[in-house]
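Note that ligands are numbered from 1 as they come in the structure, with each ligand's atoms numbered from 1 the same way. The shown structure was predicted, so the numbers you read here are calculated from the model rather than taken from an experiment.
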Amino acid sequence: MTKSQGQGMSGSTAGETAAGAVGGRFRELYGAEPQGVWAAPGRVNLIGEHTDYNDGFVMPFALPHTAVAAVSRRDDGVLRLHSADVAAPVVEVAVDSLTPGTDKNWTAYPAGVVWALREAGHAVSGADIHLASAVPAGAGLSSSAALEVVVALALNDLYALGLDGRQLALLCQRAENVYVGAPVGIMDQTASACCESGHALFLDTRDLSQRQIPFDLAAEGMRLLVVDTRVKHSHSEGEYGKRRAGCEKGAALLGVDALRDVPHADLDAALERLGDEEEVRRLVRHVVTEDARVDRVVTLLEAGDTRAIGPVLTAGHASLRDDFRVSCPELDLVVDTAVAAGALGARMTGGGFGGSAIVLAEETDVDAVTEAVENAFAAAGFKTPRVFGAVPSAGARRVR
Ligand code: GLA
């Protein structure tokens, strides 16, 4: 991918182009027009990492890249699934046979959503689904959440369930936690379901209250780059769950419901109380300082001081690298190189252990920063990273 790809591509245009192709393929596969076509985006997280399962604060925005689904409902208890991105025939399964933990393929995401809806008491009696996603998989950009949310929104419309974005996000999270078996928080699904074009989503993950924060970098002469290191990551592989368990241990030792309840002003006292629990101390320090960084970024953006968020992003990366320990050499190289080449700030985004970093730069520095990162990767013998500009785009919607 070239550095400018993705930039300037509006969510709705991309969604509508894909809708035609996805609808045509649906017809070939299932012999009829789909009853509708829906799109749900991937996301980057601007700030607030590994805070969502601590009841804390996050600030993602939606990417222009979406998962698109052509869907028709069925009333005979049969679920048929097909993906343009996987070389495999249509998978057919009875909705009343769906069982958590049994499916290790991509189909677990859409099937998990059907399972979660039915388990919550919604009479979903089957569907024909064809999916195609432009969200890079395994890149920390929430390709899984996009798949879940697009299916949930389609079924919500086709079965007239009347669920809102928050409720759909919670059901998708349940699908991923229980059906797929990945212990993720609520950020990615909420971002995909609730983000708005031109805004970052300030989300309190305790009660899911939200505020749309205007985030128009182009108008201020800046750009946000996404650098996909192409180091694959997976949340079901254990390290994510270990961090989550460590945070829960910290909350228990401190006698609070969640680490969100430790005020930043009390951090030193809290660390003192954790004594020689060094591992837990580091996790607690990251979460409490990260919540404070989200607060700081919201304050700066609302004051119109956008450039000043750069160092806050970079400080967040240092905390994820040194305290939370979820970075990797490739992500560190993006951050160090970008900042040295003049970027305003940079950090890993998403769960970590690979995936993507974000870089905030002046428009006039974008080429130099991109070149510096590409050269540094070549010199280190790493895979060529994919770099693209990201504009805050629309959340999940019906496109046809
Ligand atoms: C992944 C999870 C999210 C969140 C981030 C880290 O993206 O799906 O719930 O925990 O990691 O901030």
Counting both backbone and side chain atoms, is some N or O of [X] under 3.5 Å from an N or O of ligand 1?
X: Thr51; result: no
X: Val184; result: no
X: Asn45; result: no
X: Asp52; result: yes

### From CG (Leu360) to CZ (Arg223), nearest 0.5 Å
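Between Leu360 CG and Arg223 CZ, I get 11.5 Å after rounding to 0.5 Å.
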### Task
To the nearest 0.5 angstrom, please state how far the CG atom of Leu79 sits from the CD atom of Glu92.
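CD of Glu92 is found 9.0 Å from CG of Leu79.
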### Query
Counting only heavy atoms, which portion of Arg43 has something under 4.0 Å from ligand 1: side chain, backbone, both, or neither?
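It is the side chain that touches ligand 1; the backbone stays farther off.
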Would you mind running through ligand 1 and noting each atom that sits below 4.0 Å from a heavy atom of [X]?
X: Met187; answer: 4 (C), 5 (C), 12 (O)
X: Tyr53; answer: 10 (O)
X: Gly185; answer: 9 (O)

### Query
In a check of side chain to side chain donor-acceptor pair (under 3.5 Å) between Arg260 and each of Asp52, Asp204, Asp55, which one passes?
Asp204
### Message
Could you check whether any side-chain heavy atom of Val297 comes within less than 4.5 Å of a side-chain heavy atom of Met59, counting everything from C-beta outward?
### Response
yes
### Query
Is Arg118 salt-bridged to Asp96, cutoff N-O under 4.0 Å?
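Asp96 and Arg118: not salt-bridged.
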### Message
Is the ring pair Tyr53/Phe324 parallel, tilted or perpendicular, if the boundaries are 30 and 60 degrees?
### Response
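Rings of Tyr53 and Phe324: tilted, 30 to 60°.
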